[in-house]
K.L.:
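Handing you a structure now.
Only this structure's heavy atoms are used, side chains among them; waters, hydrogens and symmetry mates stay out.
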Amino acid sequence: MRRGWELPQPRTTAEIQTSDGTRIILRRHGNPDGPRLVLSHGNGLAADLYYPFWSLLADRFDLVVYDLRNHGWNPPSDIRSHNVATFVSDNECVAHGIDRHFGKKPRIGLFHSLSAVLALRHEPPGEGFEALVLFDPPIYPPGGNPLDIDALWKKFAIGSRLRQDRFATRDEFARSIRRSPYFKGLAPGVADLFAETTLRPLSDGSGYGLRCARECEARVFEYIFAYHCEPAPESFACPVKVIGGDPTASFSFLPSMDLSAIVGLDYDFVPETTHFLQIEKPAACVSRMLEFLGRKGLV
């Protein structure tokens with residue numbers, strides 16, 4: 001792995017339990033005296049994969065990163081509870097756990113893709129946060145064909161179940177990432193970080209497997225349409241910024257949508273990026289985020 005993406009040890013960690021006993025590990029990085037940022041990730045990924053992005057914030061902010069159940073640092077749990085409704089419930093436990101273990105202070109949420117959907121599913125969206133910054137949330141503007149959207153999710157579910165899930169070495173996985181057209185825009189060294197953060201050694205010593213099992217990833221895609229929503233800015237409990245991938249770019253994994261037509265939504269995008277913009281152009285993502293937080297008087 002490139003030296004620039006060598007993950008630091010957390011300043012401290014804490015383990016919480018959700019309402020069904022699932023364990024989630026919180027990690028605290030950065031400047032404990034700074035404003036608090038809470039960060040999570042997209043389906044099948046891991047919060048540590050976003051290190052190229054959140055490393056740029058470590059000097060200035062108190063960073064709490066965490067993985068969704070069955071992802072990242074967390075141990076496997078019952079696949080029957082692996083769904084959006086449970087994730088939303090888990091996030092309530094995460095919020096209480098952050099306050100209990102790291103001290104109570106205002107929080108700003110930084111969420112990508114699936115974790116951004118979860119933030120929008122709270123009632124009301126943004127409750128408990130000073131602000132939300134949502135990176136390429138898979139929401140669709142009015143006029144989108146629901147059947148087309150549902151078919152897209154089903155296609156992703158099939159693709160997830162067909163993924164290779166065992167690798168002899170982490171380098172084998174990293175090579176597959178470099179070859180994939182979905183990840184052609186990744187910043188240098190991120191393919192190796194991908195392998196480091198989304199694989200774990202197999203118990204039989206035969207190589208490495210996905211931390212988020214492909215069945216779990218597919219399950220989210222199969223059922224996420226039931227939680228499809230269009231943003232209603234007047235219902236947000238805090239300021240919300242949406243930063244998307246380039247909606248004019250050619251299709252790559254999940255198409256980024258131009259949400260500028262939704263009146264009241266603070267929307268921007270990063271040119272020449274895809275759905276994975278935070279690990280493609282992290283500095284540009286940070287710049288847009290800080291501009292928004294500055295306008296709201298939060299930094």
Side-chain angles (χ1 to χ4, degrees), residues 1-11 13 24-30 37-59 61 63-75 110-116 133 135-136 160 163-202 207-214 216-217 243 245 252-254 270 272-287 289:
M1 186 165 53
R2 208 181 77 153
R3 181 170 298 276
W5 303 142
E6 288 181 357
L7 287 161
Q9 288 298 312
R11 183 177 293 274
T13 64
I24 291 181
I25 301 172
L26 311 176
R27 289 97 69 193
R28 192 182 193 189
H29 294 269
L37 304 180
V38 178
L39 180 145
S40 198
H41 57 83
N43 190 23
L45 305 177
D48 283 348
L49 175 59
Y50 298 72
Y51 178 62
F53 168 77
W54 58 258
S55 65
L56 302 177
L57 302 166
D59 288 345
F61 293 93
L63 300 170
V64 179
V65 302
Y66 72 97
D67 303 301
L68 305 177
R69 61 169 60 205
N70 290 311
H71 289 81
W73 284 44
N74 300 325
L110 307 182
F111 301 119
H112 171 240
S113 193
L114 174 58
S115 62
V133 182
F135 289 92
D136 216 40
S160 295
R163 284 186 66 187
Q164 181 180 347
D165 64 346
R166 288 174 173 250
F167 303 86
T169 65
R170 283 195 171 104
D171 189 53
E172 179 190 357
F173 179 86
R175 289 197 302 270
S176 72
I177 293 293
R178 294 187 191 98
R179 289 194 301 266
S180 172
Y182 297 147
F183 301 114
K184 62 184 178 180
L186 294 183
V190 171
D192 297 299
L193 185 64
F194 223 123
E196 181 73 17
T197 58
T198 64
L199 298 181
R200 61 164 51 98
L202 294 170
Y208 297 85
L210 298 172
R211 292 176 185 254
C212 176
R214 59 189 180 183
C216 289
E217 183 178 356
I243 303 175
S252 179
F253 185 69
L254 186 66
V270 179
E272 299 180 346
T273 63
T274 72
H275 183 61
F276 302 101
L277 64 165
Q278 288 162 284
I279 49 177
E280 294 173 333
K281 294 191 174 182
C285 292
V286 166
S287 175
M289 183 202 83

K.L.:
Identify the heavy atoms of Cys285 and Ile243 that sit nearest to each other, and give their distance.
P.N.:
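So the minimum-distance heavy-atom pair works out to O-CD1, 4.2 Å.
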K.L.:
With a 4.5 Å cut-off on side-chain heavy atoms, are His112 and His275 touching?
P.N.:
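His275 vs His112: side chains touch.
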K.L.:
Would you sort out whether Asp192 and Arg178 count as a side-chain contact (heavy atoms from CB on, under 4.5 Å), showing the intermediate values?
P.N.:
CA-CA 9 Å; Asp192 297 299; Arg178 294 187 191 98; 2.8 Å; yes
K.L.:
Using the rule given for side-chain contact (heavy atoms from CB on, under 4.5 Å), can you reason through Met289 versus Leu57, listing the C-alpha separation, both sets of side-chain angles and the distance that settles it, and then say yes or no?
P.N.:
CA-CA 11 Å; Met289 183 202 83; Leu57 302 166; 3.6 Å; yes
K.L.:
To the closest 0.5 Å, what do you measure between OG1 (Thr169) and CZ (Arg175)?
P.N.:
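Between Thr169 OG1 and Arg175 CZ, I get 5.5 Å after rounding to 0.5 Å.
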K.L.:
Ignoring hydrogens and angles, tell me if any N or O in the side chain of Arg163 forms a donor-acceptor pair with the backbone of Arg214 under 3.5 Å.
P.N.:
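Checked: no pair found.
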K.L.:
Between Asn43 and His71, is the side-chain contact (heavy atoms from CB on, under 4.5 Å) condition met? List the steps.
P.N.:
CA-CA 9 Å; Asn43 190 23; His71 289 81; 4.0 Å; yes
K.L.:
Could Asp48 and Arg27 be called an ion pair, given the rule that one side-chain N must be under 4.0 Å from one carboxylate O?
P.N.:
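Yes, this pair counts.
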K.L.:
So which heavy atom on Glu196 is nearest to which on Arg211, and how close?
P.N.:
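Shortest heavy-atom contact: O-NH2, 3.7 Å.
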K.L.:
Using side-chain heavy atoms (C-beta onward) and a distance below 4.5 Å, is Thr197 in contact with Leu7?
P.N.:
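With C-beta onward as the side chain, the pair touches.
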K.L.:
Going from OG on Ser40 to CZ on Phe111, what distance comes out if it is rounded to the nearest 0.5 angstrom?
P.N.:
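It comes to 6.5 Å.
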K.L.:
Between Leu49 and Val190, is any pair of side-chain heavy atoms under 4.5 Å apart?
P.N.:
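Contact flag for Leu49/Val190 side chains = yes.
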K.L.:
Knowing that exactly one of Phe183, Tyr182, Phe194 qualifies, which makes a ring-ring contact (aromatic ring centres under 6.0 Å, His included) with Phe276?
P.N.:
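The residue from Phe183, Tyr182, Phe194 that satisfies ring-ring contact (aromatic ring centres under 6.0 Å, His included) with Phe276 turns out to be Phe183.
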K.L.:
State, to 0.1 Å, how close Val270 and Ala284 come at their nearest heavy-atom pair, and which atoms those are.
P.N.:
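It is CG1-CB, 3.8 Å.
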K.L.:
Could you tell me if the side chain of His29 sits less than 4.5 Å from the side chain of Pro8, heavy atoms only?
P.N.:
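Contact flag for Pro8/His29 side chains = yes.
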K.L.:
With no hydrogens and no angle check, is any side-chain donor or acceptor of Glu217 less than 3.5 Å from a backbone partner on Cys212?
P.N.:
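Side chain of Glu217 to backbone of Cys212, a donor-acceptor pair under 3.5 Å: no, none is there.
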K.L.:
Set out, in order, the CA-CA distance, both residues' side-chain angles and the distance that settles side-chain contact (heavy atoms from CB on, under 4.5 Å) for Leu110 and Tyr50, then state yes or no.
P.N.:
CA-CA 11 Å; Leu110 307 182; Tyr50 298 72; over 6 Å; no
K.L.:
Measuring from atom CG of Leu199 to atom CG of Asp165, what distance do you get when rounded to the nearest 0.5 angstrom?
P.N.:
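Going from CG on Leu199 over to CG on Asp165, the span is 10.5 Å.
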K.L.:
For Phe53, which residues count as a ring-ring contact (aromatic ring centres under 6.0 Å, His included) partner, sequence neighbours excluded?
P.N.:
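With neighbours one apart ignored, the set is Phe135.
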K.L.:
Please check if the side chain of Asp67 supplies one atom and the backbone of Ala47 the other of a donor-acceptor pair under 3.5 Å.
P.N.:
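Yes, Asp67 side chain to Ala47 backbone: donor-acceptor pair under 3.5 Å.
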K.L.:
Between the main-chain N or O of Ile177 and the side-chain N or O of Ser180, is there a donor-acceptor pair closer than 3.5 Å?
P.N.:
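No; judged by distance alone, with no hydrogens or angles, the pair does not exist.
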K.L.:
Do you know which two heavy atoms are closest between Gly72 and Ala46, and how far apart they sit?
P.N.:
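Taking Gly72 first and Ala46 second, the nearest heavy atoms are CA-CB, 4.1 Å.
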K.L.:
Closest heavy-atom contact between Arg200 and Asn74?
P.N.:
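Where Arg200 meets Asn74 most closely, the heavy atoms are NH2-O, 3.2 Å.
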K.L.:
Look at the side chain of Arg28 and the backbone N and O of Val64, then say whether any donor-acceptor pair between them is shorter than 3.5 Å.
P.N.:
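It does not hold such a pair.
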K.L.:
What's the spacing between Arg11 CZ and Thr13 OG1 if we round to 0.5 Å?
P.N.:
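That separation rounds to 13.0 Å.
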K.L.:
Indicate yes or no for a side-chain donor-acceptor contact from Trp5 to the backbone of Ala191 under 3.5 Å, with no hydrogens or angles considered.
P.N.:
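Between the backbone of Ala191 and the side chain of Trp5 there is no qualifying donor-acceptor contact (under 3.5 Å).
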K.L.:
Starting at OG1 of Thr198, measure out to OH of Tyr208 and round the result to the nearest 0.5 Å.
P.N.:
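Atom-to-atom, Thr198:OG1 and Tyr208:OH are 12.5 Å apart.
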K.L.:
Side-chain contact test, heavy atoms from C-beta onward, threshold under 4.5 Å: evaluate it for Tyr51 versus Val65 and give yes or no.
P.N.:
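SC-SC contact between Tyr51 and Val65 ruled out.
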K.L.:
More than 12 heavy atoms of other residues, nucleotides or ligands under 6.0 Å from CD of Gln9: yes or no?
P.N.:
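It does not: Gln9 CD has 12 such atoms or fewer within range.
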K.L.:
Roughly how far apart are Ile24 CD1 and Leu68 CG, rounded to 0.5 Å?
P.N.:
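That separation rounds to 7.0 Å.
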K.L.:
Minimum heavy-atom separation for Pro52 to Leu193, with atom names?
P.N.:
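Looking at all heavy atoms of both residues, the closest pair is CD-CD2, 3.4 Å.
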K.L.:
So, using ring-ring contact (aromatic ring centres under 6.0 Å, His included) as the criterion, who are the partners of Trp73 when residues are at least two apart?
P.N.:
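Counting only residues at least two positions away or on another chain, Trp73 forms no ring-ring contact (aromatic ring centres under 6.0 Å, His included).
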